[in-house]
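What follows is one structure encoded as structure tokens, with my remarks underneath.
Counting starts at 1 for both ligands and their atoms, following the listed order. What you see is a predicted model, and the numbers here were worked out from it, not measured in a lab. Quick note: residue numbers are just sequence positions, from 1.
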Amino acid sequence: MSARVLIVEDNPANLELMDYLLSASGYLTLKASDGKTGLLAAENTIPDLVVCDIQMPVMNGYELAKSLKNNAKLRHIPLVAVTALAMTGDGDKILAAGFDGYLVKPITPETFVQQLEAYLTPGQHEKGGIAYGDDSNR
Ligand code: MN
């Protein structure tokens, strides 16, 4: 069964890009455009991974991280920030907020899915039947 990835991002273009890349790699995606909607989606679906923007309306990424990590049913889900904040110290702030890791925007389409897979346990990797290093399907 494909791993389910919840993408929480208020920028439609970024949301669609991440959705496309994950879907094309065989993952099932769930989408939310603010932290509060993302939290509800996480509660309802218990996804295998949450990818989350930091700056969002209604509930930002830090608040979402706090809510997820304070919830006994949700705290085990790997939580990865995708953020344009690249100034010194933001990485530490993101990790201190409860995120398991972060990727810096703009994302690199060629490596995005692979970077996220580092946060999934091996059994959850969905390679869509295409072996890594196999050029025949590209
Ligand atoms: Mn944003």
Restricting to side chain to side chain donor-acceptor pair (under 3.5 Å), what partner residues turn up for D100, sequence neighbours left out? K69

Between N70 (side chain) and K66 (backbone), is there a donor-acceptor pair under 3.5 Å? yes

Pairing donors with acceptors under 3.5 angstrom, does anything connect the side chains of Q55 and Y62? no

Compare all side-chain heavy atoms of V80 with those of V50 and state whether any distance is below 4.5 angstrom. no

Residues forming a salt bridge (Lys or Arg N to Asp or Glu O under 4.0 Å) with K31, sequence neighbours excluded: E16, D19

Side chain to side chain contact (heavy atoms under 4.5 Å, CB included) against L40, all qualifying residues, sequence neighbours excluded: E43

Leaving waters out, which protein N, O or S atoms fall under 2.8 Å from the Mn ion (ligand 1)? D10 OD1, D53 OD2, Q55 O

